[in-house]
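Quick notes on the structure that follows.
Hydrogens, waters and symmetry mates are skipped; everything else that's a heavy atom, side chains included, is used. All ligand and atom numbering here is 1-based and tracks the order in the structure.
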Amino acid sequence: MAKIILATRNKHKVTEIRAMLAEFDIEIITLDDISKDLILREDGDTFEANAFQKARTVYDHTKMTALADDSGLEVFYLNGRPGVFSARYAGTKATDEMNNKRLLKEMRGVAPRRRKAQFRSILALAGKDLEEITDGICPGVINEMPQGTNGFGYDPVFVPDGFSKTYAELTAEEKNRISHRALSLAKMKDVLKEKLPFLTK
Ligand code: IMP
């Protein structure tokens, strides 16, 4: 069976990606299964640079085909912030709650029509003679306050277009149908279908 290693230590991303790749005959391994101390740097200026950096680092270390997601929230009123800084918006040791608090403070009093935002996911696949990249965007708005307890990160403050609930009020199945990561993974699934016979065993 082909193997893919997920180049992330984010357990929520692992859960989502595993669920969405369940239909494939692929063994999914996580970085924590292999190496507790490999450091995944993400100091690029773009999601693309960070996704490739993570996937390449893990491929070089394990020689297994590696899949990395770099993602974040882009708020138009904030000129695209938090963007690549999403995970550490309120500081390097920030919790999701602290990041949401900072964002909502910056958006306090901003009119509904100026609260547009989007989640972006870039997936990078790195392997032997293999480099592929896909992207997915989910448009929506920033809620006035946190709502819901599912998911992670900015899920409680993001209402995807076409819904009146935040990502954190959707079930995992609902989020995995419409999310930025679902869209980039749908494209990556097409790549995987083609490359499956050539992936590491
Ligand atoms: P990364 O590990 O640099 O890709 O960090 C991604 C950060 O973006 C996460 O820590 C979250 O703050 C945010 N993020 C990415 N995807 C999601 C999502 O699906 N829901 C909520 N927040 C997300």
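Ranking the protein heavy atoms by distance from atom 15 (C) of ligand 1 puts Ser71 OG, 3.1 Å first. Here the protein heavy atom with the shortest distance to atom 10 (O) of ligand 1 is Ala87 CB, 3.4 Å. Nearest protein heavy-atom contact of atom 2 (O) of ligand 1 is Lys13 NZ, 3.1 Å.
Residue-to-ligand polar distances place Arg181 within reach of ligand 1: an N/O pair is separated by less than 3.5 Å. Note: no N/O pair closer than 3.5 Å links Glu16 and ligand 1 by distance alone. Between Tyr154 and ligand 1, at least one pair of N/O atoms sits closer than 3.5 Å.
With hydrogens and angles ignored, the 3.5 Å screen pairs no side-chain donor or acceptor of Asp60 with any backbone N or O of Thr57. A donor-acceptor contact shorter than 3.5 Å is absent between the side chain of Arg181 and the backbone of Asn176. In this structure a side-chain-to-backbone donor-acceptor pair under 3.5 Å is present from Asp96 to Gly153. Looking only at distances, a side-chain donor or acceptor of Lys36 sits under 3.5 Å from a matching main-chain atom of Asp32. Asn10 contributes a side-chain N or O that, together with a main-chain N or O of Lys13, makes up a donor-acceptor pair within less than 3.5 Å.
Remark: distances from the non-hydrogen atoms of Gly151 to ligand 1 are all 4.0 Å or more. In this structure, Asn10 falls outside the shell of residues with a heavy atom less than 4.0 angstrom from ligand 1. The closest approach between a heavy atom of His180 and any atom of ligand 1 is below 4.0 Å. Between Arg88 and ligand 1 there is no heavy-atom distance shorter than 4.0 Å. Within the structure, the closest approach of Leu73 to ligand 1 does not fall below 4.0 Å when heavy atoms are considered.
Proximity to Asp70 (heavy-atom distance under 4.0 Å) selects the following atoms of ligand 1: 1 (P), 3 (O), 4 (O). Ligand 1 places these atoms under 4.0 Å from at least one heavy atom of Gly72: 8 (O). When each atom of ligand 1 is checked for a heavy atom of Glu42 under 4.0 Å away, the hits are 1 (P), 2 (O), 3 (O). Ligand-side atoms of ligand 1 in range of Phe152: 16 (N), 17 (C), 18 (C), 19 (O), 20 (N), 21 (C), 22 (N), 23 (C), range being under 4.0 angstrom from any heavy atom. Listed by atom number, the atoms of ligand 1 under 4.0 Å from Lys54 heavy atoms are 2 (O), 4 (O).
Of the listed residues (Asn99, Leu103, Val157, Asp155), the one carrying the non-hydrogen atom nearest atom 21 (C) of ligand 1 is Asp155. The residue from Phe85, Tyr89, Phe119 that puts a heavy atom closest to atom 14 (N) of ligand 1 is Phe119.
When heavy-atom distances to ligand 1 are checked against a 4.0 Å cut-off, Arg9 has no atom that comes that close, whether in backbone or side chain. At a heavy-atom cutoff of 4.0 Å, ligand 1 is contacted by the side chain of Lys175 but not by its backbone.
Seen from the ring of Tyr89, Arg102 counts as a face-on cation partner, given the 6.0 Å and 45° thresholds. Judged by the 6.0 Å and 45° rule, Arg88 forms no cation-pi pair with Phe85. A cation-pi contact links Lys63 to Tyr59, judged by a cut-off of 6.0 Å to the six-membered ring centre and 45° from its axis.
Residue Leu185 forms a side chain to side chain contact (heavy atoms under 4.5 Å, CB included) with just one option from Ile17, Thr134, Asp69, and that option is Ile17.
When every heavy atom of Leu170 is checked against every heavy atom of Asn150, the shortest pair comes out as O-ND2, 2.8 Å.
More than 12 heavy atoms of other residues, nucleotides or ligands lie within 6.0 Å of NZ in Lys189, so this atom counts as buried by the packing criterion.
Checked against the 6.0 Å centroid criterion, the rings of Tyr167 and Tyr154 do not qualify as a close aromatic pair.
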